[in-house]
Amino acid sequence: MKNMESLRTQCALQGALSAANAIGGVIPVVHSTAGCAYQNYLAGGLANGGQGAGLAGGLAVPSTNIVEKHVVFGGSARLREQLKNAVKVFEGKLFLVLSGCTPNLVGDDSKAMVEEIETQGYPAAYVQASGFHGSAYTGYELAVRSLVDFASKKTASPLTTVKGLINIFGIVPGQDTFWQGELLSLSREFSAAGLILNPLFGFNQTVENWKNIPHASLNLSLSTWGSGIVEYLKEKFGTPALKRSFVPVGAEDTKQLLLDIAGKLNFDEKQINNHAEKKEQEADYFISQFAEAYFNFNFQTDFSIAGPLSQAVGISRFLAYNLGFTPKTIIITDAPQLKDEPIGDILPHIDTKVNVFFTEDGNEISGLLKKGNPGLILGSTIDRITAEEKGAAHLSISLPVSDRIVLNRGYAGYSGALNLIEDIGTVLLKRRTQK
Amino acid sequence: MPSLPSRIIAIAERRLGSIDAYYGPVQPLIDGYRDGQFFAQRIRTLSQTKGDEITVILQMLHQIKNTVTVVHGARGCAAMQNYLESYDGHGSPVFSTNLTEDNSIMGAEEVLRKTILAAVERHKPEAVFVVTTPIVAINNDDVQTVAADLGEELNIPVVPIYADGFKSKTSANGYDIAYHSIAGFLTAEKRATDKKLVNIISSDGSEEDVHKIAELVTSIGLNPNIFPRFGLLSAIRNSSNAVATIGLKPDSRVIGEFLEKERQVPYYLLEQPVGPEATSRWLGEITGKTGNKSEALEFIKSREKKKFDELVADPDTNLSGRKIYISGDIYTAIALAGLVKEFGGSVTGLSIANIDKNSVALLDENYKKNGWPFNIHIGDGQVFEQANILSRDTPDVYLGAAGQAVHAARLGIPSVNYAPMPLYGYDASIKLIRAIVRACSNRSFVEKLGSYTSVYNRSSWFGKNPNWYIKQEVG
């Protein structure tokens, strides 16, 4: 048996709820038992860099809190009543119903209730996201599809395309700790390179941004969890898709991604190269400064990492190819289906064979991290105990994160890599002073 | 072997007439529970999320040493272990059977069996708790048989805790379910009464508070036997030999009454020792109830009185003129109200998670004693109702438990979350008093928050009565 102890990922309902909470004006209406949304708040809001869950998140999430009589006699009427009242109390541009295990097992017709409130003139959509349907990443996929369908209902035909507009998928709110920072950082990088990123989640993102989805020139996926979505959009709107399995960290991978996009869009590569050159000069300037501490305090080390594939690979590539760190063990905690890129093609191999494991079982992760005896462990806050036991430096980068506050910090792109250098340098220094 | 007559315990609504929805004067509640009657059940036609039986049980089991917990359900039913493990730390391992759609249809007894075996192999626990969830309640897995078989095979207690997640509206019912199983599976027969041994039931709260309780009990010459949180299974087994069981909240009632009835250990639910006055009273009651006289007690009282007089003379620890709204479970809220009064402040409103036939007297007594003119709000969370109430009569400070304080702060009200703070004993609550004074003296952050966009339609919702969506249940 696999993946049993200390699971790091929430359920599909909770993933869909985190996605809903990350869009301005969306009021999630959970149709399930009382604790479902509350556990999402504890695990995905507080134990994820203390980000919370937005204005309509946490204890504010409308939830039908169904009880036994709804299991026996059905809970559709309870959902109808909840929706009818929620639209009067909450300021919402979209009421997104998320139905969990219990109503789905007893056969509640949540969809009909949503259609009913829509006929009354209130914007509403529905996601069937039972916890048993899978992990929070599956919930993200389900929510995105529903939101796409809702936002594109009134899209005029024929479609107009905005040159350089790119929708981005696969960076998952509530699960990927740095999701806000990654989206902000990539938006800035893309904008400076002459492209327009449509991040869809986070700061300033509302249902209006989702309505632009059909007009994009390209749909970009930066993890396997966006892969199915961009295929869906290709089928639905004919928009080209670009799929990568990891978030780019640092100059090389960021530039390569931008060039790949330019290739797909027949975009002027010169603009990309000019942008890259400027950003690389800036990064080189600071990396050169970092060399002082690096060599004075002997920062070069081997490392092990545990996190979702897109992040673990992105960070590992930067550390291996740019900072001279040696990867020992890479543990993928979101257990994705690697359809797009063979794992061997994207992982770094620097003078040693890196060990790759797929598990989110906390006990297994702890054992694997211990085995390698790395000098640096990047993982969850729970892995700090393992790092302390082994005398390794430790940085929390993946769920659960409860020893640092993460708001708009990210590791993606050019500037993100400098954040990563600062954070890793800091923990390496701390380990030195603690010895 | 289990010595309880039934596998499950009736829900709090049926046993105790527990309600979790009400806003209005306190007198109808008092009248509703008179003469053994139950106050008529209320329902919400609009509700927000809150903890449930499962969340209550998981936070409790997580801190029972040398055990493992298996949550038999979808992975989300155990999601909060990420929070528990990373913030509380060093708790007992939590496993999930991580049920799939196929399991929900075809049953998952074999998955449960394998998970328990793996958990035992890994951690060699003294006991395994199996917490059931909605999927299991619906697909009717035979958890009892799996637990019984494995208990025999592994020669350790495998304790099923039947938390369906939808049986009761009252999350505190989770304590009752858990204690029902703990009583049946983990207590032992009485050997002989130890006249110095006092059971202290620790269902929630911080480790610091538990240590403080132990210190207080020890200071009057008694030996504390603390369980389940931060305790060992041996403490549960030894509980039958204690001279008394002291509960700090009504959540201790099921285990306390079991020990009283089945093991002849008297059970006392005492008001919490929060602040100097309540702590002296608490210690006095324990010495009285256990028949142990303590010469040290008078000395302690007099020493602490001197300290208290110095504290209230200091403006940093004086609440004079402060109007305070309190939200929490009834025993904690009443204890905090006493503390506020002791330090010179006044209470302007109360939100209580739930109330039942046993706790209504405490409410009655305190309303009468303090002459509180305000309505009582009964609701676990339900921050939209609290927002409405708070918009009418803005307090100087809102005191709330985890997850609630931020919502009051978003209205521009200085707020303090008391949940992570030590509360018990003579001086622990000074931190809370200082936090209240600090919150009043620098309002810059909450004023900023209050100026931000609200999630509520203020003109529509705040114009309605806060009880607009609370209805008497029919049928």
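So that the names make sense, note that chain A is the first sequence line, chain B the second, and so on, each numbered from 1.
No side-chain heavy atom of I43(B) sits less than 4.5 Å from a side-chain heavy atom of R78(A). A 4.5 Å side-chain heavy-atom check between T102(A) and F166(B) finds at least one atom pair inside the cut-off. Put simply, the side chain of S47(B) reaches to within 4.5 Å of the side chain of Q82(A), judged on heavy atoms. You'll find the side chain of Q39(A) reaches within 4.5 Å of the side chain of L58(B), heavy atoms only. Using a 4.5 Å heavy-atom cutoff, the side chains of S63(A) and Q48(B) are not in contact.
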Check the pair N457(B) / V89(A) against side-chain contact (heavy atoms from CB on, under 4.5 Å), numbers first and verdict last. CA-CA 5 Å; N457(B) 184 334; V89(A) 168; over 6 Å; no
Could you walk me through whether F132(A) and N103(B) pass the side-chain contact (heavy atoms from CB on, under 4.5 Å) check? CA-CA 9 Å; F132(A) 55 72; N103(B) 297 144; over 6 Å; no
One pair to check against side-chain contact (heavy atoms from CB on, under 4.5 Å): K169(B) and N65(A). What are the steps and the verdict? CA-CA 8 Å; K169(B) 286 182 286 184; N65(A) 299 346; over 6 Å; no
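Checked for salt-bridge contact, E85(B) and R8(A) miss the test: no charged N lies under 4.0 Å from a carboxylate O. Ion pair E81(A)/R44(B) not flagged as a salt bridge, since none of the NZ, NE, NH1 or NH2 atoms sits closer than 4.0 Å to an Asp/Glu carboxylate oxygen.
Between chain A and the residues G165(B), S168(B), S104(B), A387(B), the largest count of heavy-atom pairs under 4.5 Å involves S104(B). Looking only at heavy-atom pairs under 4.5 Å with chain B, the residue among S135(A), C36(A), G134(A) that has the most is S135(A). When V68(B), I54(B), I135(B), V56(B) are compared by the number of non-hydrogen pairs under 4.5 Å with chain A, I135(B) comes out ahead. Of the listed residues (G403(B), S460(B), G381(B), S454(B)), the one with the most heavy-atom contacts under 4.5 Å to chain A is G403(B). Per-residue counts of heavy-atom pairs under 4.5 Å with chain B were compared for V71(A), L13(A), V30(A); the largest is that of V71(A).
With values rounded to the nearest 0.5 angstrom, R122(B) atom CZ is found 5.5 Å from E364(A) atom CD. To the nearest 0.5 Å, atoms CD (E91(A)) and OG (S459(B)) are separated by 7.0 Å. Here L7(A) contributes atom CG and N82(B) contributes atom CG; the two are 8.5 Å apart, rounded to the nearest 0.5 Å. One finds the NZ atom of K50(B) at 10.0 Å from the OG1 atom of T33(A) (value rounded to the nearest 0.5 Å). Taking CZ of R75(B) as the start and CD of Q10(A) as the end, the distance is 9.5 Å to the nearest 0.5 Å. Here OG of S402(A) is found 9.5 Å from OH of Y83(B). Values are rounded to the nearest 0.5 Å.
The part of I138(B) that comes within reach of chain A is its side chain, from C-beta onward, which places non-hydrogen atoms under 4.5 angstrom from that chain. Heavy-atom distances place no part of S380(A) under 4.5 Å from chain B, backbone and side chain included. Residue S130(A) does not touch chain B at all, counting heavy-atom pairs closer than 4.5 Å. L105(A) touches chain B through its side chain: at least one heavy atom from C-beta onward sits under 4.5 Å away, while N, CA, C and O do not. If you measure heavy-atom distances from K69(A) to chain B, the contacts under 4.5 Å come from the side chain alone. Of the two parts of I385(A), only the side chain, counted from C-beta on, holds a non-hydrogen atom closer than 4.5 Å to a non-hydrogen atom of chain B. For V29(A), no part lies under 4.5 angstrom from a heavy atom of chain B. For E53(B), no part lies under 4.5 angstrom from a heavy atom of chain A. Neither the backbone nor the side chain of S32(A) comes within less than 4.5 Å of any heavy atom of chain B. When heavy atoms are compared at a cutoff of 4.5 Å, I11(B) does not approach chain A at all. Contact annotation for Y456(B): both backbone and side-chain heavy atoms come within less than 4.5 Å of a heavy atom of chain A. For chain A, the nearby part of Y469(B) is the side chain; its heavy atoms alone come within less than 4.5 Å.
Between T49(B) and A34(A), the closest heavy-atom pair is OG1-O, 2.7 Å. Among all heavy-atom pairs drawn from A43(A) and A79(B), the shortest one is CB-O, 3.4 Å. In this structure, P93(B) and E5(A) approach most closely via the heavy-atom pair CB-OE2, 3.4 Å.
Annotation: K371(A), atom NZ; neighbour count of heavy atoms from other residues, nucleotides and ligands within 6.0 Å does not exceed 12. Residue K464(B) qualifies as enclosed at atom NZ: its count of foreign heavy atoms under 6.0 Å is above 12. Counting non-hydrogen atoms of other residues, nucleotides and ligands closer than 6.0 Å to CZ of R404(A) gives a total above 12. Other residues, nucleotides and ligands place more than 12 heavy atoms under 6.0 Å from the NZ atom of K471(B).
Between T381(A) and S86(B), the side chains place no donor N or O within less than 3.5 Å of an acceptor N or O (distance only, hydrogens not considered). Side-chain contact annotation: T45(B) with N85(A), donor-acceptor N/O pair under 3.5 Å present.
Applying side-chain contact (heavy atoms from CB on, under 4.5 Å) to M4(A) and the options N98(B), V70(B), V111(B), T115(B) leaves one that passes, T115(B).
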